[in-house]
Amino acid sequence: MQRYFGDRSTAVSVVDLVEHFRGEMNKVTVYRILSRMEAEGIIHSFSGSDGLKWYAACKQCTNHSHYDHHPHFQCKVCGMIECLEISLPIPKLKNRKVDTEIILLIGECETCAS
Ligand SMILES: [Zn+2]
Ligand SMILES: [Zn+2]
C-alpha cells in the first residue's frame with residue numbers, strides 16, 4: 001500500500017482504496033494499515049466535499065512531526081483531489097485555540113478546464 005501512495009501525486013478516497021485492495025485484504029485491514037501509515041507520517045488524511053475521508057502521500061513528514069497544514073483542491077468535474085504546495089495563514093481567534101484546519105478549494109482542474 002505504501003508503494004500505491006508513492007506513485008501518485010493526487011489523493012485517493014477511502015472508498016476507492018477499499019475497492020482497489022479488494023481481494024488482497026478486507027476493509028478492516030485497509031483501515032488499520034491507513035491509520036498506521038498516517039501515524040508514521042507516510043500519508044495524511046482530510047475530508048473531501050463529499051464527506052468522505054481522503055488520503056494523500058506526505059512529502060516531508062516523519063512520525064515525530066506532520067507538516068500537513070496545506071489546502072487541498074478538488075475538481076468538481078472529475079472529482080480528483082490534489083495537495084496544494086502553498087500555505088494559507090490561519091487567522092488568530094480571540095479566546096479560541098485552533099487545533100486543525102480543513103481548507104478545500106473547489107473548481108476545475110487543468111485537464112477539465114481546458
Ligand atoms: Zn478534473
Ligand atoms: Zn495534502
Side-chain angles (χ1 to χ4, degrees):
M1 196 178 294
Q2 203 158 329
R3 185 156 0 109
Y4 182 76
F5 279 103
D7 289 346
R8 54 173 50 238
S9 57
T10 54
V12 54
S13 78
V14 70
V15 170
D16 289 337
L17 279 165
V18 169
E19 183 61 36
H20 183 83
F21 289 99
R22 182 194 296 270
E24 262 180 82
M25 56 186 92
N26 64 30
K27 202 167 159 176
V28 178
T29 309
V30 171
Y31 287 169
R32 201 181 53 229
I33 295 174
L34 287 172
S35 71
R36 182 179 53 81
M37 283 171 67
E38 190 168 11
E40 288 172 357
I42 299 164
I43 55 172
H44 59 282
S45 66
F46 53 90
S47 302
S49 60
D50 42 20
L52 283 178
K53 211 163 185 196
W54 288 69
Y55 289 90
C58 288
K59 292 259 157 56
Q60 38 182 292
C61 297
T62 66
N63 51 3
H64 299 295
S65 54
H66 262 289
Y67 300 100
D68 294 331
H69 295 286
H70 54 256
H72 292 93
F73 176 85
Q74 181 163 31
C75 175
K76 64 183 180 188
V77 182
C78 67
M80 75 88 192
I81 301 187
E82 61 189 351
C83 297
L84 298 175
E85 306 289 324
I86 55 170
S87 64
L88 293 178
I90 303 172
K92 288 260 178 286
L93 300 179
K94 203 179 173 202
N95 300 330
R96 282 160 184 78
K97 181 179 163 288
V98 177
D99 288 328
T100 186
E101 70 192 289
I102 299 167
I103 300 170
L104 186 64
L105 306 174
I106 298 168
E108 291 175 24
C109 73
E110 216 173 347
T111 315
C112 296
S114 60

Worksheet item: Just wondering, do C78 and T111 contact through their side chains at under 4.5 Å, heavy atoms?
Response: no
Worksheet entry | side-chain contact (heavy atoms from CB on, under 4.5 Å) between M25 and I33, worked out | CA-CA 10 Å; M25 56 186 92; I33 295 174; 3.6 Å; yes
Worksheet item: Can you name the residues that form a side-chain contact (heavy atoms from CB on, under 4.5 Å) with V12, not counting sequence neighbours?
Response: Y4, F5, R8, D16, L17
Worksheet item: Side chains of T29 and F21: closer than 4.5 Å at any heavy-atom pair?
Response: no
Discussion item. To the nearest 0.5 Å, what is the distance between OG1 on T10 and CH2 on W54?
Written reply: 8.0 Å
Worksheet item: Between CG of D50 and CD of Q74, what distance do you get to the nearest 0.5 Å?
Response: 5.5 Å
Discussion item. Do I106 and S49 make a side-chain contact, defined as non-hydrogen atoms from C-beta onward lying under 4.5 Å apart?
Written reply: yes
Discussion item. Do H70 and I103 make a side-chain contact, defined as non-hydrogen atoms from C-beta onward lying under 4.5 Å apart?
Written reply: no
Fill in: Distance in Å, E108 CD paired with C75 SG, rounded so as to fall on 0.5 Å steps
6.5 Å
Worksheet item: Going through the checks in order, is the side-chain contact (heavy atoms from CB on, under 4.5 Å) test met by C109 and M80?
Response: CA-CA 8 Å; C109 73; M80 75 88 192; 3.3 Å; yes
Worksheet entry | Separation of M1 CE from I42 CD1 (nearest 0.5 Å) | 11.0 Å
Item to complete: Rounded to the nearest 0.5 Å, what's the gap from CE on M37 to OH on Y55? Could you check?
Response: 10.0 Å
Worksheet entry | Under 3.5 Å: donor-acceptor pair, side chain of S114, backbone of E110 | yes
Worksheet item: Taking side chain as C-beta onward, heavy atoms only, is R36 less than 4.5 Å from R32?
Response: no
Worksheet, complete the sentence: Closest heavy-atom pair, A57 versus H44, reported as atoms and distance to 0.1 Å, is O-CE1, 3.4 Å
Worksheet item: Side-chain heavy atoms under 4.5 angstrom apart, residues restricted to Ile, Leu, Val, Met, Phe, Trp, Tyr: same cluster for V77 and L105?
Response: no
Worksheet entry | Straight-line distance of I81 CD1 to S47 OG, nearest 0.5 Å | 9.5 Å
Discussion item. Using the rule that Ile, Leu, Val, Met, Phe, Trp and Tyr join whenever any side-chain heavy atoms are under 4.5 Å apart, tell me whether V28 and V18 fall into a single cluster.
Written reply: no
Practice prompt. Spell out, as yes or no, whether a donor-acceptor pair under 3.5 Å connects the side chain of H72 to the backbone of F46.
Written response: no
